[in-house]
Amino acid sequence: MIILNVQNIGKSYRSYRSELLRFLHWLGFPTKPTIETWVLKHMSFQLEKGEAIGIIGENGAGKSTLLKIIAGTLQPSEGKISLTGRVSAILELGMGFNPDLTGRQNAYHASGLMGFNPQQISKLMPKIESFSEIGDSFDDPIRTYSTGMQMRLAFAVATAERPDVLIVDEALAVGDTYFQHKSFNQIQEFQKLGTSLILVSHDRHFLSGLTDRVIEFNDKKIREYPGDIDSYLDQQE
């Protein structure tokens, strides 16, 4: 069963001579930009239920841009994405947390943005607090958190309820070994229950054993390799 279908996705950033021309473009008028830079072009692939893909590529290749489009936080300039079910994503450290709010308050707001209602969030909060294991700091401002603590909270929020598609973009790289292992086990359990995974990491050991396919970003294009990260690396030798 195909749960995600990415069809000819492209993303460009445009500059206009005035904000009026930009506004007219948003309304559908045929205004031409003075500068147009394509970050992604003609990106297509499919993801099946329970499948895990690893995405690799140099910094600036467009990996994070594509993941934001899949997660719905960024609109494509062309193409279409069809998604069945709910997607949960850790696209950057902190998930946009407000540094002046507490961990609990940020967890509440982030869960709301993910589509949960107040009653659902109240039920999820003990699970988020327990899984993150940040103790009394859960009620301290985020600005007092270390990067590892922010990652713990972000992962706990994103995985408090099993999603149909889970996207993890490098965030676990900043965590301690204990929590990385705990997160790894959680990801594996989700996959057994049918969650599809999109994982971006430069850590071979993190991707090894988790991925069914590898997608390499190179020069705004993608190339697919069957098998996990080890199979891909064997082809590069």
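For reference, positions follow the sequence shown, starting with 1.
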Residues in side chain to side chain donor-acceptor pair (under 3.5 Å) with Tyr16, at least two apart?
His25

Could you measure the distance from the CD atom of Gln186 to the CG atom of Leu166? Nearest 0.5 Å is fine.
9.0 Å

Contacts of type side-chain contact (heavy atoms from CB on, under 4.5 Å), residue Ile35, not counting sequence neighbours:
Ser15, Thr37

Give a yes or no on whether Lys127 atom NZ has more than 12 heavy-atom contacts from other residues, nucleotides or ligands under 6.0 Å away.
yes

Say you draw a straight line from CD of Gln75 to CD1 of Ile81; how long is it, rounded to the nearest 0.5 Å?
9.0 Å

What is the distance from atom CG of Leu40 to atom CG of Asn8, rounded to the nearest 0.5 Å?
11.5 Å

Nearest-0.5 Å distance that lies between atom CD1 in Ile198 and atom CD1 in Ile215:
8.0 Å

Once rounded to the nearest 0.5 Å, what's the spacing between atom CD1 of Ile2 and atom CD of Gln46?
3.5 Å

Run Asn98 and Asn106 through side-chain contact (heavy atoms from CB on, under 4.5 Å) and show every step you take.
CA-CA 7 Å; Asn98 185 324; Asn106 273 291; 3.7 Å; yes

Applying side-chain contact (heavy atoms from CB on, under 4.5 Å), name anything that partners Ser122, two or more places apart in sequence or on another chain.
none

So, for Leu197 and Leu47, which heavy atoms are closest and what is the spacing to 0.1 Å?
O-CD1, 4.1 Å

Going by salt bridge (Lys or Arg N to Asp or Glu O under 4.0 Å), name the pairs with one or both residues in residues 143-159, residues two or more places apart or in two chains.
Asp100-Arg143, Arg152-Asp176

Shortest non-hydrogen contact from Ser196 toward Gly50:
OG-N, 3.0 Å

Hey, could you give me the CZ/OG1 distance between Phe190 and Thr159, rounded to the nearest 0.5 Å?
5.0 Å

Could you walk me through whether Leu66 and Ile9 satisfy the side-chain contact (heavy atoms from CB on, under 4.5 Å) test, starting with their C-alpha distance in whole Å, then the side-chain angles of each, then the deciding distance to 0.1 Å, before giving a yes or no?
CA-CA 8 Å; Leu66 178 63; Ile9 287 296; 4.2 Å; yes

Is there a side-chain contact between Arg86 and Glu161 (heavy atoms, below 4.5 Å)?
yes

Is the closest side-chain heavy-atom distance between Ile3 and Val165 below 4.5 Å?
yes

For Leu74, give me all partners under side-chain contact (heavy atoms from CB on, under 4.5 Å), at least two apart in sequence or on another chain.
Lys11, Tyr13, Thr65, Lys68, Ile69

Under the ring-ring contact (aromatic ring centres under 6.0 Å, His included) test, which residues partner Phe116, sequence neighbours left out?
none

Considering only heavy atoms from C-beta outward, does the side chain of His109 approach that of Leu101 to under 4.5 Å?
yes

Residue pairs passing the salt bridge (Lys or Arg N to Asp or Glu O under 4.0 Å) test with at least one member in residues 102-121, sequence neighbours excluded, are Arg104-Glu129, Arg104-Asp139

Which atom names give the shortest non-hydrogen contact between Trp38 and Gly10, and what distance separates them?
CZ3-C, 3.9 Å

Given Val214 and Ile56, is the side-chain contact (heavy atoms from CB on, under 4.5 Å) satisfied, shown in steps?
CA-CA 7 Å; Val214 173; Ile56 60 176; 3.7 Å; yes

Could you tell me whether Arg162 atom CZ has more than 12 heavy atoms of other residues or ligands within 6.0 Å of it?
yes

What verdict does the side-chain contact (heavy atoms from CB on, under 4.5 Å) test give for Phe179 and Phe155, after you've listed the backbone C-alpha separation in whole Å, the side-chain angles of each residue and the deciding distance to 0.1 Å?
CA-CA 10 Å; Phe179 197 79; Phe155 188 88; 4.1 Å; yes

Is it the case that the side chain of Ser146 and the backbone of Met149 share a donor-acceptor pair, with hydrogens and angles ignored and the cut-off at 3.5 Å?
yes

Can you list the residues that meet the side-chain contact (heavy atoms from CB on, under 4.5 Å) rule with Ala107, with sequence neighbours excluded?
Met125, Ile128, Phe138, Leu153, Val157

Sequence neighbours left out, what passes side chain to side chain donor-acceptor pair (under 3.5 Å) with Glu51? Give chain and number order.
Arg213

Residues in side chain to side chain donor-acceptor pair (under 3.5 Å) contact with Glu36, at least two apart in sequence or another chain:
Ser12, Arg14

Is Asn185 atom CG crowded by more than 12 heavy atoms from other residues, nucleotides or ligands, each under 6.0 Å away?
yes

I'd like to check Gln191 versus Asp212 (side-chain heavy atoms, cut-off strictly below 4.5 Å). Are they in contact?
yes

Nearest heavy-atom contact between Ile90 and Ala158 is CG1-CB, 3.5 Å

Pairing residues for Ser132 by the side chain to side chain donor-acceptor pair (under 3.5 Å) criterion, not counting sequence neighbours:
none

Within a strict 4.5 Å, meaning less than it, do heavy atoms of the Tyr108 and Pro118 side chains meet?
yes

Residue pairs meeting salt bridge (Lys or Arg N to Asp or Glu O under 4.0 Å), one or both in residues 179-197, sequence neighbours left out, come to Glu133-Lys182, Glu189-Lys192

